[in-house]
2 protein chains.
Amino acid sequence: MQITLRDIARKSGFSVTTVSRALAGYQDVNEQTRQHIIEVANILGYQPNLLARGLRSQRTQTLGLIIPTYDAGFPNEFFNQFLLGVGDTAWRNHYDLLVSAQVPGEEEMAAYRRMVKGLRVDGMILARTRKNDPRMPYLQSQGHPFVVNGRNAPDEPSDFPYVDVDSRMGIRAATAHFIALGHEHIGLVLPPPEIAYTGYRLQGYQDALREARLPLRDEYILYGDLQRSGGYQAGLALLSRYPQISAIVACNDLMAFGVMAAIQERGLEVGSDVAVSGFDDLPAAEYAMPPLTTVRQPIYEIGQRLVEMLIGIIVGKPPEETQIVLPSRLIVRASSGFNGRR
Amino acid sequence: MQITLRDIARKSGFSVTTVSRALAGYQDVNEQTRQHIIEVANILGYQPNLLARGLRSQRTQTLGLIIPTYDAGFPNEFFNQFLLGVGDTAWRNHYDLLVSAQVPGEEEMAAYRRMVKGLRVDGMILARTRKNDPRMPYLQSQGHPFVVNGRNAPDEPSDFPYVDVDSRMGIRAATAHFIALGHEHIGLVLPPPEIAYTGYRLQGYQDALREARLPLRDEYILYGDLQRSGGYQAGLALLSRYPQISAIVACNDLMAFGVMAAIQERGLEVGSDVAVSGFDDLPAAEYAMPPLTTVRQPIYEIGQRLVEMLIGIIVGKPPEETQIVLPSRLIVRASSGFNGRR
DNA sequence: ATAGTAACCCGAAACGTTTCGGATGTCAAG
DNA sequence: CTTGACATCCGAAACGTTTCGGGTTACTAT
């Protein structure tokens with residue numbers, strides 16, 4: 001059934017050891033011998049048994065990724081792009097990807113244990129850190145290589161390798177953009193409080209208000225669920241309670257779309273009546289009606305850098321920089337009313 | 001470092017064999033012994049080494065999925081949902097998922113060989129079949145379990161297990177819907193010709209025209225790339241060449257969004273001036289402006305059924321029905337002008 | 001002739017699990 | 001007292017690979 005090293009050994013007249021070493025590129029095998037063995041291997045259609053190899057060498061050439069999901073709201077476009085960056089880079093470096101999607105909680109930790117202690121993966125990629133996240137301490141206690149997309153919350157130390165985007169600067173830029181356009185009553189739709197980056201985004205909002213000496217009004221700040229529907233509800237709530245609000249900063253694009261829907265639902269016009277901004281710059285942001293002003297984060301690149309960092313750690317050559325904060329950039333489009341008739 | 005059966009054996013005073021059998025639930029071990037062994041295993045934090053288990057038992061409890069991608073245009077929302085259905089169901093059945101994304105071609109086949117002959121996976125899930133698809137014959141020749149999302153093209157036999165949606169009926173319903181609204185010049189934006197389901201969608205379009213005794217005009221039929229941009233280009237081309245066209249059937253939602261953009265770009269109104277329909281019913285379809293009339297396919301369910309079917313095949317209990325065509329359903333929204341002022 | 005060296009090769013053990021084919025002990029029936 | 005049946009348990013082999021620690025040969029320098 002399966003072609004093994006033994007088959008090649010028998011057919012080529014060499015030992016299993018030599019066949020193994022020839023195929024692995026060791027220098028202590030005659031070049032002619034190697035060619036012959038390679039030829040036989042090709043004829044037989046040999047493919048190494050990766051389980052056996054992994055068992056023996058304690059290396060699986062596989063990375064693990066557990067996508068955090070909430071109820072039905074699964075991998076949205078963000079994780080799409082993330083998965084692409086991670087998957088591409090892993091493949092280019094000859095690593096496979098073991099993927100699971102788990103709701104945070106006990107089962108999620110079981111999935112981590114299974115991957116890590118089942119020796120299935122050489123390293124793990126974590127995403128969407130939460131407050132008091134149990135995953136990093138666990139992996140640290142196991143001494144298992146891992147990298148994280150996102151830091152811990154501002155008030156917790158982040159003593160692990162990560163790649164994050166500068167949310168604080170991003171939201172600050174978006175808020176400042178609205179202030180520059182003359183808005184004084186600016187709503188904020190935050191991610192759920194348990195998400196680690198929520199703190200940074202709030203800071204950015206506060207920064208911008210402080211700089212402009214505008215009062216910080218807590219009642220203008222609502223939490224959403226990162227989905228479109230959460231943005232919609234928050235948007236409706238803000239608009240009905242505080243009609244003076246003329247701009248809303250949403251902390252991701254999906255919620256921004258919901259906010260836009262809420263605005264339109266109330267018979268107002270996005271951009272001219274109420275300005276909106278998002279965060280992520282998903283492809284859909286550009287095509288929304290009106291196109292969404294948003295903070296772009298390089299999602300693909302984040303995945304890519306994470307994998308490179310992780311592989312470096314696995315092979316014992318960690319990059320000198322293992323805590324990276326990438327810049328974010330404000331992309332101004334019509335939803336902020338910049339080109340509107342304000 | 002790692003806790004093995006030997007450790008449990010030493011600590012509990014039983015043999016490795018008995019420990020293994022106790023944990024595996026065999027009946028020839030004393031219940032009291034079993035409890036004791038389980039307890040020791042828990043105290044030690046035992047997690048089976050899945051590589052060793054797989055090597056010995058020739059089962060990995062892992063399914064393989066290679067997402068077909070074109071250039072940068074990666075897993076779009078469709079594969080998101082698909083991945084969710086597949087991932088959820090796999091997890092519920094205690095299977096892991098090995099994922100890769102490959103551009104069709106030589107490298108793609110290498111990825112398949114690697115997964116299959118490297119003995120990493122117990123079965124494979126294929127998606128987006130193409131004409132003359134080399135993957136199914138390969139897997140058949142290897143006698144490796146697999147299931148497919150989608151059939152072969154209408155003119156090729158499909159002698160493998162699959163779950164597909166009834167594209168033909170879906171497009172036929174969409175086209176007939178336009179005809180019923182009085183449209184006589186209806187454009188069609190097809191997927192690339194090498195995709196297997198393109199033939200079925202074309203048939204559906206032809207069916208509807210034939211039924212209504214409307215002439216089939218080949219020049220109304222264009223091919224897109226399944227992306228938004230392809231729909232945009234096709235839409236512009238149709239509208240500029242044939243101003244009499246008053247409705248366009250796009251073969252997926254992404255292309256339909258592009259067509260809508262093209263219509264608006266030309267100063268026309270979607271729905272009233274030119275009606276549009278899509279296929280898939282992505283979440284974004286409902287929120288588009290105007291909301292998109294489209295053919296819904298149960299993407300999550302397809303993934304779910306595929307995994308159930310595949311696991312059945314793996315464990316030797318294939319379901320009686322291994323070639324499933326699920327119904328599709330037309331969802332009428334504003335983009336077809338049904339509620340418009342036509 | 002001998003020792004040393006380089007080039008090439010190989011046997012055997014090990015990774016952690018499952019499973020085959022018994023082995024042992026106990027007890028009831030004959 | 002023997003036999004058989006049953007309930008428990010276990011030794012050893014096997015899955016396919018890598019790697020450690022050599023071994024053999026042929027050549028070079030003494």
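Fair warning: this is a prediction, and the values are worked out from it, not measured in the lab. We name chains A, B, ... by the order of the sequence lines, and we start the count at 1 in each one.
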Quiz prompt | Distance-only donor-acceptor check, side chains Y162(A) and N152(A), under 3.5 Å | solution = no
From [atom1] of [X] over to [atom2] of [N], roughly how many Å is that when rounded to an integer?
{"X": "I8(A)", "N": "dC10(C)", "atom1": "CD1", "atom2": "P", "result": "14 Å"}
{"X": "Q32(A)", "N": "dC9(C)", "atom1": "CD", "atom2": "C1'", "result": "15 Å"}
{"X": "L51(B)", "N": "dT18(C)", "atom1": "CG", "atom2": "P", "result": "13 Å"}
{"X": "Q58(B)", "N": "dG16(C)", "atom1": "CD", "atom2": "P", "result": "19 Å"}
{"X": "L5(A)", "N": "dG11(C)", "atom1": "CG", "atom2": "P", "result": "14 Å"}
{"X": "Q2(A)", "N": "dT17(D)", "atom1": "CD", "atom2": "C1'", "result": "11 Å"}
{"X": "L55(B)", "N": "dT18(C)", "atom1": "CG", "atom2": "P", "result": "11 Å"}
{"X": "R34(A)", "N": "dA7(C)", "atom1": "CZ", "atom2": "P", "result": "14 Å"}

Among [options], the one nearest [X] by side-chain distance:
{"X": "N30(A)", "options": "dC15(D), dC9(D), dC8(C)", "result": "dC8(C)"}
{"X": "T33(A)", "options": "dG16(D), dT18(C), dC9(C)", "result": "dC9(C)"}
{"X": "A52(A)", "options": "dG16(C), dC9(C), dG16(D)", "result": "dG16(D)"}

Quiz item: Do you know the tightest heavy-atom contact between A22(B) and I37(B)?
Solution: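 Heavy atoms only, the tightest pair is CB-CD1, 3.7 Å.
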Practice problem: Taking all heavy atoms of P134(A) and all of R130(A), pick out the closest pair and write down the distance. | Solution: CD-NH2, 4.0 Å
NZ/NE/NH1/NH2 to OD/OE distance under 4.0 Å, [X] and [Y]:
{"X": "R151(B)", "Y": "E156(B)", "answer": "no"}
{"X": "E107(B)", "Y": "R92(A)", "answer": "no"}
{"X": "R113(A)", "Y": "E106(A)", "answer": "yes"}

Exercise. Please name all residues satisfying side chain to side chain donor-acceptor pair (under 3.5 Å) with R114(A), sequence neighbours left out, ordered by chain then number.
Key: D96(B)
Quiz item: Got a sec, which residues hit side chain to side chain donor-acceptor pair (under 3.5 Å) with S15(B), two or more places apart in sequence or on another chain?
Solution: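 Partners of S15(B) by the side chain to side chain donor-acceptor pair (under 3.5 Å) criterion, ordered by chain and then number, come out as T18(B).
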Indicate every side-chain donor-acceptor pair of residues 301-311 of chain B with a distance under 3.5 Å to a residue at least two apart or in another chain.
from    : atom 1 : to      : atom 2 : distance (Å)
E301(B) : OE2    : R305(B) : NH1    : 3.0

Quiz item: So does T4(B) get a side-chain nitrogen or oxygen closer than 4.0 Å to the phosphate oxygens (OP1/OP2) of dG16(C)?
Solution: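 No.
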Exercise. May I ask you to decide if the ring planes of H36(B) and F14(B) are parallel, tilted or perpendicular, using 30° and 60° as cut-offs?
Key: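 Plane angle over 60°, so perpendicular.
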Quiz prompt | Whether F82(A) and F79(A) hold their rings parallel, tilted or perpendicular, with breakpoints at 30° and 60° | solution =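 Taking F79(A) first and then F82(A), their aromatic rings stand perpendicular (interplane angle over 60°).
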Practice problem: Taking only heavy atoms on the protein side, list every residue of residues 40-49 of chain B lying under 4.0 Å from any atom of DNA chain D, sorted numerically. | Solution: none
Quiz prompt | Per-nucleotide protein contact string for nucleotides 19-27 of chain D (B base, S sugar-phosphate only, - none; heavy atom under 4.0 Å) | solution = B--------
Quiz item: Between NE2 of H94(A) and OG1 of T62(A), what distance do you get to the nearest 0.5 Å?
Solution: 13.5 Å
Practice problem: Can you pull out how bent the helix from dA1(C)-dT30(D) to dG30(C)-dC1(D) is, comparing the axes over its first five and last five pairs, to 10°? | Solution: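 End axes: 70° apart.
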